*Asks:* 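Questions regarding the structure given below will be posed in turn.
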Amino acid sequence: MAVERAGAASLRGNPFTVIGAELKPGDTAPDFTVVGAGNSAVTLKDTAGKVRIISTVPSLDTPVCSTETKKWEGHRADLGDIAMLTISMDLPPAQARWTSENGVEHTVASSHKNEQFATDYGVLIKELRFLQRAVFVVGKDDKVKYVEYVQELPSEPDYDKAIAAAKAAG
């Protein structure tokens with residue numbers, strides 16, 4: 001049974017339980033299969049040999065998640081050959097609409113079919129069945145280099161720290 005972390009996420013001070021142990025720098029990033037554009041499978045192995053920034057968000061159709069995903073897209077050009085993924089529980093057609101409307105070209109994928117990604121990365125909010133906002137930097141060696149779990153759901157992550165970790169891993 002997966003670890004449950006009571007109060008690991010909150011919304012306006014109201015606590016939620018997050019399922020799955022937190023990943024730490026030095027851990028091997030769990031492989032995953034999530035659903036990408038056109039219902040294609042997206043896996044960690046698809047980006048083998050690259051540094052990856054994996055952002056998890058509750059829903060692209062909320063203001064903070066929308067802002068965050070657009071900011072990651074804006075940083076892509078400065079990051080060189082780094083793979084960027086944003087993962088949520090949103091349905092793939094909603095993600096496709098959102099990415100088209102917002103000019104986002106990095107990989108956006110859904111974990112709605114299977115909670116394994118969410119529990120392996122320690123981001124499944126039990127009460128909401130959304131993903132906790134988090135950022136993972138995974139090196140070319142598949143080791144986690146940086147992790148930030150954002151406690152308060154409407155807060156943005158520390159982009160500068162994640163970008164610095166990604167550049168250092170490159």
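Keep in mind it's a predicted model, so treat the numbers as computed, not measured.
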*Asks:* For residues V123 and V150: do they belong to one hydrophobic cluster (side chain heavy atoms under 4.5 Å, members Ile, Leu, Val, Met, Phe, Trp, Tyr)?
*Replies:* no

*Asks:* Taking all heavy atoms of Y149 and all of G122, pick out the closest pair and write down the distance.
*Replies:* CE2-O, 3.3 Å

*Asks:* Whether the side chain of R129 engages the backbone of H112 through a donor-acceptor N/O pair (distance < 3.5 Å, no angle test) should be reported.
*Replies:* yes

*Asks:* Using atom types as modelled and distance alone, determine if a side-chain donor or acceptor of E148 lies under 3.5 Å from a backbone N or O of D158.
*Replies:* yes

*Asks:* Only one of E127, E4, K126 passes side chain to side chain donor-acceptor pair (under 3.5 Å) with T17; say which it is.
*Replies:* E127

*Asks:* Hey, could you give me the OG1/CD distance between T107 and E105, rounded to the nearest 0.5 Å?
*Replies:* 11.0 Å

*Asks:* Locate the shortest heavy-atom distance separating Q151 from A8; write the atom from each residue and the value.
*Replies:*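 Distance-wise, the nearest heavy atoms are OE1-O, 3.1 Å.
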
*Asks:* Just so I know, are the side chains of T56 and Q132 near enough to count as touching, which here means a heavy-atom distance under 4.5 Å?
*Replies:*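 No; the side chains remain at least 4.5 Å from each other.
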
*Asks:* Are L11 and F130 grouped together when hydrophobic residues (ILVMFWY) are joined by side-chain heavy atoms under 4.5 angstrom apart?
*Replies:* yes

*Asks:* Has N114 got a side-chain atom pairing as donor or acceptor with Q116's backbone, closer than 3.5 angstrom?
*Replies:*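 At least one qualifying donor-acceptor pair exists.
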
*Asks:* Can you tell if the side chain of L23 reaches within under 4.5 Å of the side chain of D120, non-hydrogen atoms only?
*Replies:* no

*Asks:* Can a salt bridge be assigned to the pair E73 and K70 using a cut-off of 4.0 Å between side-chain N and carboxylate O?
*Replies:*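 K70 and E73: not salt-bridged.
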
*Asks:* Hey, mind stepping through Y159 and V135 against side-chain contact (heavy atoms from CB on, under 4.5 Å) and telling me if it holds?
*Replies:* CA-CA 9 Å; Y159 302 99; V135 178; over 6 Å; no

*Asks:* Passes side-chain contact (heavy atoms from CB on, under 4.5 Å), K143 versus V138? Steps please.
*Replies:* CA-CA 6 Å; K143 298 288 184 187; V138 178; over 6 Å; no

*Asks:* Distance-only, no hydrogens or angles: does the S66 side chain make a donor-acceptor pair with backbone N or O of T62 under 3.5 Å?
*Replies:* no

*Asks:* Please say yes or no: joined through hydrophobic side-chain contacts below 4.5 Å, possibly via intermediate residues, are V108 and V57 part of one cluster?
*Replies:*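 Hydrophobic grouping puts V108 with V57.
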
*Asks:* Can you name the nearest heavy-atom pair linking A9 to V18, along with the distance?
*Replies:*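 Minimum heavy-atom separation between A9 and V18: CB-CG2, 3.8 Å.
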
*Asks:* Could you tell me whether the side chains of D90 and S110 share a donor-acceptor contact shorter than 3.5 Å?
*Replies:*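 There is no such pair between these side chains.
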
*Asks:* Hey, any chance V51 and I54 share a hydrophobic cluster, counting ILVMFWY side chains that come within less than 4.5 Å of each other, even indirectly?
*Replies:*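 No, separate clusters.
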
*Asks:* Who are the salt bridge (Lys or Arg N to Asp or Glu O under 4.0 Å) partners of K50, not counting sequence neighbours?
*Replies:* D81

*Asks:* I53 versus L85: any side-chain heavy-atom pair under 4.5 Å?
*Replies:* no

*Asks:* Would you say L131 and I87 make side-chain contact, with heavy atoms under 4.5 Å?
*Replies:* yes

*Asks:* Kindly indicate whether a cation-pi arrangement holds for R5 with F16, taking the cut-offs as under 6.0 Å to the six-membered ring centre and within 45° of the axis.
*Replies:* no

*Asks:* Can you confirm whether the side chains of S55 and E68 place a donor and an acceptor under 3.5 Å from each other?
*Replies:*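 The criterion, which ignores hydrogens and geometry beyond distance, is satisfied for E68 and S55.
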
*Asks:* Find out whether T69 and W98 are in side-chain contact, i.e. whether some heavy atom of one side chain is under 4.5 Å from a heavy atom of the other.
*Replies:*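 Result yes, sub-4.5 Å side-chain heavy-atom pair found.
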
*Asks:* Are the side chains of V35 and S40 in touch, meaning some heavy atoms are under 4.5 Å apart?
*Replies:* no

*Asks:* List the atom of G36, the atom of P92, and the distance in Å for their closest heavy-atom pair.
*Replies:* O-CB, 4.5 Å

*Asks:* Taking F32's backbone N and O only, do any of them form a donor-acceptor pair with T43's side chain (distance below 3.5 Å, no angle check)?
*Replies:* no

*Asks:* Using a 4.5 Å cut-off on heavy atoms from C-beta on, say whether the side chain of L44 contacts that of R52.
*Replies:* yes

*Asks:* Would you check if R133 and C65 make a side-chain contact, meaning some heavy-atom pair closer than 4.5 Å?
*Replies:* yes

*Asks:* I need the minimum non-hydrogen distance between D78 and K167, along with the two atoms involved.
*Replies:*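 Where D78 meets K167 most closely, the heavy atoms are O-CE, 3.9 Å.
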
*Asks:* If I compare all heavy atoms of V34 with all of A109, which pair ends up nearest, and what's the gap?
*Replies:*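 In this case the closest contact between V34 and A109 is CG2-CB, 3.5 Å.
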
*Asks:* Quick one, I163 with W72, criterion side-chain contact (heavy atoms from CB on, under 4.5 Å). Give me CA distance, side-chain angles, the key distance, then yes/no.
*Replies:* CA-CA 10 Å; I163 289 167; W72 287 124; 4.0 Å; yes

*Asks:* Looking at CG of L60 and CD of E101, how far apart are the two atoms once the value is rounded to the nearest 0.5 Å?
*Replies:*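 The CD atom of E101 is 11.0 Å from CG of L60, to the nearest 0.5 Å.
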
*Asks:* Taking the six-membered ring for Trp, are the ring centroids of Y146 and F136 within less than 6.0 Å of each other?
*Replies:*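 That pair fails the under 6.0 Å test.
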
*Asks:* Determine whether D61 and R97 satisfy the following criterion, salt bridge (charged side-chain N to carboxylate O under 4.0 Å, His left out), listing intermediate values before the conclusion.
*Replies:* CA-CA 10 Å; D61 278 323; R97 175 197 45 79; 2.7 Å; yes

*Asks:* Can you tell me how far CD1 of I82 sits from NE2 of H75, rounded to the nearest 0.5 angstrom?
*Replies:* 12.0 Å

*Asks:* From L153 CG over to S59 OG, what is the distance, rounded to the nearest 0.5 angstrom?
*Replies:*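 One finds 11.5 Å between CG of L153 and OG of S59.
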
*Asks:* Please check if V104 and M89 belong to a single hydrophobic cluster, counting links between Ile, Leu, Val, Met, Phe, Trp and Tyr side chain heavy atoms closer than 4.5 Å.
*Replies:* no

*Asks:* Output, in order, the C-alpha distance, side-chain angles, deciding distance and verdict of side-chain contact (heavy atoms from CB on, under 4.5 Å) for V144 and V137.
*Replies:* CA-CA 6 Å; V144 175; V137 175; over 6 Å; no

